[in-house]
Amino acid sequence: MDYNPSKIEKKWQQIWSDKKSFEPSSDLTKPKKYILSMFPYPSGRIHMGHVRNYTISDAIARHHRNNGFNVLHPIGWDSFGMPAENAAIKHKLHPKKWTYENIDYMRSELAGLGLSFSKEREFATSDPLYTKFEQEFIIKMFEEGLLYEKNQNVNWCPHDLTVLANEQVEEDKCWRCGTTIVQKEMPGYYIKITKYAQELLDDLKTLEKGWPKQVLTMQENWIGRSEGLEFSLALSDKSQQKLGKKFESYSVFTTRPDTIYGVTYTALAPEHEIVKYLVEHKLLSDEKIEAITNMQNVSERDRGTGDKEGVSLEIEVIHPLTGKMIPVWVANFVLAGYGGGAVMAVPSHDQRDYEFATKYNLPMLEVISSENSNLAKEAYVDEGLLVNSGEFDGLKNSKAKKAIIHHFESNDLGKKVINYKLRDWGISRQRYWGAPIPLIHCKNCGIVPEKLENLPITLPDDVEITGEGNPLETHPTWKQCTCPKCGSEATRETDTMDTFVQSSWYFLRYCTPNAQNSPFDGNDAAYWMGVDQYIGGIEHAILHLLYARFFTKALRDLGYIEIDEPFNNLLTQGMVLKDGAKMSKSKGNTVDPDELIQKYGADTARLFILFAAPPVKELEWNDSAVEGAFKYIKKLTDRAKNVTPTNKLVTIDHSTLDKQEKLARAKVYEALKKSNEVYQGSFAFNTVIAATMEALNALSDQKHPDVWSEGYYVLLNILEPIIPHVCWELSDTLFACENFKEITILEEVFEVDSIVLAITINGKKREEIEVSKSLDKEAILEAAKNVSGKWLEGKVLIKEIYVPNKLVNLVVK
RNA sequence: GCGGAUGUGGUGAAAUUGGUAUACACGCCAGACUUAGGAUCUGGUGCCUCACGGCGUGAAGGUUCAAGUCCUUUCAUCCGCACCA
């Protein structure tokens, strides 16, 4: 049979589509598998990363489908977001038109790969129906106090009049117009993800079996739990006077209470209320105020790259244990959003405080003593004994930590607290192409949620995208509305949601296709969730996966679902490289999936991608290896001539076969065994494919027609998830497509009469012997010594080791 | 700096988890068929050596009858976080 990929691939894609072959059964009693690849942003064309992602999930989905599972393998579109607005500015296209045209085009591209997606469950997150239920969630969260408004510093471009995400700021400049970004305090909506910090951390343990360790660690670090002491530093009377009696004290947090006697100054974040007061009331010199203002205008991110800077605030606080006066500084390295925006500074035992003290000539006091300490050079941050610490002198610092916390708590001076690095999730974007936040501002009632029956709040179509300002803000009528509570004139919130909100629950929406009156059906979700295998890029290790985990827990507490975690198993695929670098248009090293499919067919593309590297590793593109994949399919096709058609697995009397024939059968069933193992979790498709190559080679070394039929029947079964079109085409003529179901492994084919044993001398392989399987240990050792005469000559035999079915090791001296 | 990985032929990679290192491919070499081959088939291919043999999984030690695999130290590359007190 000639191999004509373009013809057979079109044919089978049509058949699968006509028969709705990939729609899951509605019988919710069958064993299920939910196989999900991260849905794409519809940027216009698919790239090799997509091809890899969907080929992996498709192979897994097809394997489980063939083995009797009810499989959900959906696809959709993460279709809100900035690129649509950028395209609108550049090409004068409406974001909606651009987005949905892209979706149509990319859908046809994906179809060419023969992916077994459920078509009936496809949706785009910009569809009004999806927005409707997302807005319902937001309202419920608002009502539960899980969503709130606050002012916070954001990156602001004064030219484009918009907020920019951190990654949209390039070296302090707007990535689009090059204007220098300023920090601007703006109101925005925040989701209280921090309420779930501890649970998000604790439940990582339940994911240990199914998630890569790397991702778990990254999430753990991101959540950043730390335990320490929180206490107040009281301002001196004089300082309180200076501050107009507006402040009495402020709170600081430390994980090193054992070093508290070493405090020689304290530092506030530039955004701290006391600092703001001093600046507003001009209580410092002009130079100092200017320096502070400059600090405030640098983004938190960029402060990290510069030198440590600070200004003495000319006020002081009282040390809670010694009663000594301590000067107060403002410092650029103190973060406003963590631990109250203020720190106690112990230059002798904290490297940051050390650098700052050195720069500004502030005093140091050693309170942890150790022979490894060298305070002339750097802060000493390790273990030691307390000195200069009053009643705690002589204690090991680990003990002193507990003792000092206890002292603070029993004297009501402070308390043990747990802090997290995780911040609340800001979801406001001053953008057009996003899901509107369904809240209304009323002069009388404040922030009021829209009535559920009025959802969805959809975007107006009649806007012009210029990139300046928010079109929802400037639209003549869109934001005008009446207050759902008091009925007076009110305005809609014009911010739209971060697109990470959409990707936080799309996997739930897939559970019930096209649900009109609810986001999804509870029974469907209970059946399909959690996702049995989630596949996507490592770049989503933190944000998307953390938000989705949070959303799942929040929806659970709102009564929508009953699970704690959305993704039971996670596979993070490696990047696709060419010439050692990530494929990108700017580097000009891309390979176009469409051209590849046109030249070799989808099956070759799929085979190469799964064969060239295991999924977790980077995949280096190699044109001649693609050619090699194509040749293997041709070879497989060519061997069909040896196969007698049959619609069931032939039975063979193994004992009547010769050695080559037996070997061929063993190789075939080894490949099947390997395949079953690989889909249990290692997903090393490359080894399965190699095993089928070995099996095909072994089959080609023999001529028994039944062995050929059986072997080919099994091989097409193993290969169907990987190269489906050609397998269905071949099976259609040979096996009436009856072989795409579970096949029992025949253990009898692994039984052999004789085994080959390696003879090693001191662990080094020297000889080989073939012995009858029934031979006992003594006889085998005897035989081993007989063939090793040359190696034993003039040596003393000390030890003889026999590892059954493997080897004999003779230890000589 | 902290954290996480990864280092095996010319290349992509295997190795049943402590038991014959380099399976399966790509590439290369030789041969066959052919008017021709960038098609197909067959054979060879870790390194050193004429050979006997020796060496060999980033490097150096260790445990073991036996180490790519376990332990210690170290180097390199990649990724993530980056003043979280």
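Order of the sequence lines sets the chain letters (A, B, ...), proteins ahead of strands, with each chain counted from 1. Every heavy atom of this structure was used, including side-chain atoms; hydrogens, water molecules and symmetry mates were not.
When the C1' atom is compared between U16(B) and G68(B), the two are found 15 Å apart, to the nearest whole Å. For the P atoms, the distance from A23(B) to U72(B) is 32 Å, rounded to whole Å. Nucleotides G38(B) and C26(B) are separated by 15 Å at their C1' atoms, to the nearest Å. Atom P of C70(B) sits at a distance of 14 Å from the matching atom of U17(B), rounded to the whole Å. Separation of the C1' atoms belonging to U77(B) and G27(B) is 25 Å when rounded to the nearest angstrom.
Using the Watson-Crick or G-U wobble rule with both distances under 3.5 Å, G12(B) pairs with C24(B). When both distances must be under 3.5 Å, the Watson-Crick or G-U wobble mate of A30(B) is U42(B). The partner of U6(B) is A76(B), judged by Watson-Crick or G-U wobble contacts that both fall below 3.5 Å. Pairing partner, G1(B): C81(B), with both Watson-Crick or wobble hydrogen-bond distances short of 3.5 Å. Of the nucleotides present, none pairs with G18(B) by Watson-Crick or G-U wobble criteria with both distances under 3.5 Å. Pairing partner, U35(B): none, since no Watson-Crick or wobble contact has both distances short of 3.5 Å.
Contact between the side-chain N/O atoms of Tyr632(A) and the OP1/OP2 oxygens of A25(B) is not found at any separation under 4.0 Å. The phosphate of A66(B) has neither OP1 nor OP2 within less than 4.0 Å of any side-chain N or O from Arg766(A). Dashed line: the shortest gap from a side-chain N or O of Asn686(A) to OP1 or OP2 of A14(B) is under 4.0 Å.
Annotation: Tyr600(A) is not in aromatic contact with Phe608(A) [ring centroid separation under 6.0 Å not met]. Note: Trp425(A) and Phe500(A) fail the aromatic proximity criterion, with ring centroids not under 6.0 Å apart.
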Test salt bridge (Lys or Arg N to Asp or Glu O under 4.0 Å) on Glu751(A) and Lys773(A); report intermediate values, then the result. CA-CA 10 Å; Glu751(A) 279 165 26; Lys773(A) 215 195 159 198; over 6 Å; no
Could you please spell out the steps behind the side chain to side chain contact (heavy atoms under 4.5 Å, CB included) verdict for Phe685(A) and Ile609(A)? CA-CA 9 Å; Phe685(A) 304 103; Ile609(A) 277 184; over 6 Å; no
When you look at Asn786(A) and Ile769(A), which way does the side chain to side chain contact (heavy atoms under 4.5 Å, CB included) test go after all the steps? CA-CA 10 Å; Asn786(A) 285 339; Ile769(A) 53 171; over 6 Å; no
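In the model, Glu770(A) has a side-chain atom that pairs as donor or acceptor with a side-chain atom of Ser754(A) under 3.5 Å. A donor-acceptor pair shorter than 3.5 Å can be found between the side chains of Thr194(A) and Asp424(A). A donor atom on one side chain and an acceptor atom on the other are found under 3.5 Å apart for Thr692(A) and Tyr632(A). Between Arg639(A) and Ser700(A), the side chains place a donor N or O and an acceptor N or O closer than 3.5 Å (distance only, hydrogens not considered).
Residue Val334(A) is classed as a base contact, given a heavy-atom separation below 4.0 Å to a base. Thr692(A) comes within 4.0 angstrom of no nucleic acid atom, judged by non-hydrogen atoms across all strands. Within the nucleic acid shown, Glu620(A) has no heavy atom closer than 4.0 Å to any nucleic acid atom. Within 4.0 Å (heavy atoms only), Pro212(A) reaches no atom of the nucleic acid at all. Residue-level contact check: Lys308(A) touches the bases, meaning some heavy atom is under 4.0 Å from a base atom.
Exactly one residue among Val343(A), Ile326(A), Asp353(A) makes a side chain to side chain contact (heavy atoms under 4.5 Å, CB included) with Thr266(A). That residue is Ile326(A).
Shown for residues 340-351 of chain A: residues whose heavy atoms fall under 4.0 angstrom of RNA chain B, namely Val343(A).
Atom CG of residue Leu268(A) and atom CD of residue Glu273(A) lie 11.0 Å apart, to the nearest 0.5 angstrom.
Syn is the conformation of G9(B), whose glycosidic angle sits no further than 90° from 0. Taking the O4'-C1'-N9-C4 or O4'-C1'-N1-C2 dihedral as appropriate, U17(B) has a value within 90° of 0 and is therefore syn.
Residue Lys631(A) is the one, among Gly339(A) and Lys631(A), whose nearest nucleotide of RNA chain B lies closer to the 5' end (criterion: closest heavy atom). Where Asn697(A) and Val811(A) each meet RNA chain B at their nearest nucleotide, the meeting point lying more 5' is that of Asn697(A).
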For nucleotides 18-21 of chain B, which of its nitrogen or oxygen atoms have a protein nitrogen or oxygen under 3.5 Å away, and what is each distance?
residue : atom : partner   : partner atom : Å
U20(B)  : O2   : Lys765(A) : NZ           : 2.7

